[in-house]
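Every chain is numbered from 1 and lettered A, B, ... according to where its sequence line falls, protein lines coming before strand lines. Here the structure is a predicted model, which is why all the values come from computation and not from measurement. No hydrogens, no waters, no symmetry mates; every other heavy atom, side chains included, goes into these values.
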Amino acid sequence: MHPSLVTRSGRSAWKGPYFVAFPNLREALQNNIPIKTQARSCTILPNFVGIRFMVHNGKDYIPVQVTQDMVGHKLGEFAITKKRFTYKLTKNK
Amino acid sequence: MVYVLGVLLPENQLTRFALTHFYGIGHKTAHRVCARFQIHDRCRVKDLTPTQLTSITAFLSSPSTAQPVQRVPLASPTFGPKLGPITPDTQSTPTLKPNTSGSTSLTNAKGGNDPLRNLKIETELRREIRENISHQRMIGSYVGRRHAMGLPVRGQNTQNNAKTAKKLNRIDRW
């Protein structure tokens, strides 16, 4: 991760990035099991690369495959919470 | 008609306002650039000497490789005019010569305290913005999506208007 990302985030540098410790990180990487999580504000750390996540979007869990470029972003950025409006015909007129 | 790096600077404007015609230079940066080349506040573009113009051009074409600022030490509290007959001797000048040892510490490899070292203007800045947007789009983040949709990125309302975003937000901005 870029060292200045922490300082640019508006968070104190001594705190470091905000992240949630996943206890099952190593197994997930080995067995390619997706980690189901609701921690949308967790920063993607360099050791998350290659892991599959199931990130909660408020309703269900969206699959997110972490790549190298995503490091420094938050998990929630990759699970959209908004549903596009689609017009449905009313049944009873 | 004064052109600097292809940008037309109005002749009758004060230099520190004329410099804001560059994309990426605002009032603050323009003032700093003026200070660097000892251009006073009331100096208009037409009053600039050719030397000053060339030095500005040289600086703006590549701020990162430009010569570091020469630091002149301040006079000490005990400094005072010398009494007696004024002779143009060279003995009194060494006290105010540029302090070479001090300037090296201020301009280290990363540019040190020099705020203009990482200045980006015009095409360079535009390219950086375009790269940032395409990076967001490539990794498929929310920001990238909103750019692709031409909608506000930072949670503004979209029920009405969102005019600026519709005008500007796209993947290929320039």
Mind checking the [atom1]-[atom2] spacing from [X] to [Y]? Nearest 0.5 Å is all I need.
{"X": "Phe19(A)", "Y": "Asn47(A)", "atom1": "CZ", "atom2": "CG", "answer": "8.5 Å"}
{"X": "Phe22(A)", "Y": "Ile35(A)", "atom1": "CZ", "atom2": "CD1", "answer": "6.0 Å"}
{"X": "Thr29(B)", "Y": "Arg16(B)", "atom1": "OG1", "atom2": "CZ", "answer": "13.0 Å"}

By residue number, those in residues 128-165 of chain B with heavy atoms under 4.5 Å from heavy atoms of chain A are His135(B), Gln136(B), Met138(B), Ile139(B), Gly140(B), Ser141(B), Tyr142(B), Arg145(B), Arg146(B), Met149(B)
Students often mix this up, so state it plainly: with edges at 30° and 60°, are the rings of Phe53(A) and Phe48(A) parallel, tilted or perpendicular?
tilted
Go through the atoms of Lys74(A) and report whether side chain, backbone, both or neither lie under 4.5 Å from a heavy atom of chain B.
neither
Between Arg40(A) (side chain) and Ala79(A) (backbone), is there a donor-acceptor pair under 3.5 Å?
yes
For Tyr23(B), does its backbone N or O pair with a side-chain atom of Glu122(B) as donor and acceptor, under 3.5 Å?
yes
Honestly, is Arg11(A) close enough over Tyr18(A), meaning NZ or CZ under 6.0 Å from the six-membered ring centre and within 45° of the axis?
no
Single-linkage hydrophobic cluster Ile56(B)~Phe17(B), side-chain heavy atoms < 4.5 angstrom:
no
So which residues of residues 55-63 of chain A are in contact with chain B at a heavy-atom cut-off of under 4.5 Å?
none
Tell me whether Lys166(B) at atom NZ has more than 12 heavy atoms from other residues, nucleotides or ligands lying less than 6.0 Å away.
yes
Thr54(B) versus Thr57(B), side-chain donor and acceptor atoms under 3.5 Å:
no
Heavy-atom pairs under 4.5 Å with chain B are the metric here; pick the option from Ile80(A), Val64(A), Thr67(A) that has the most.
Ile80(A)
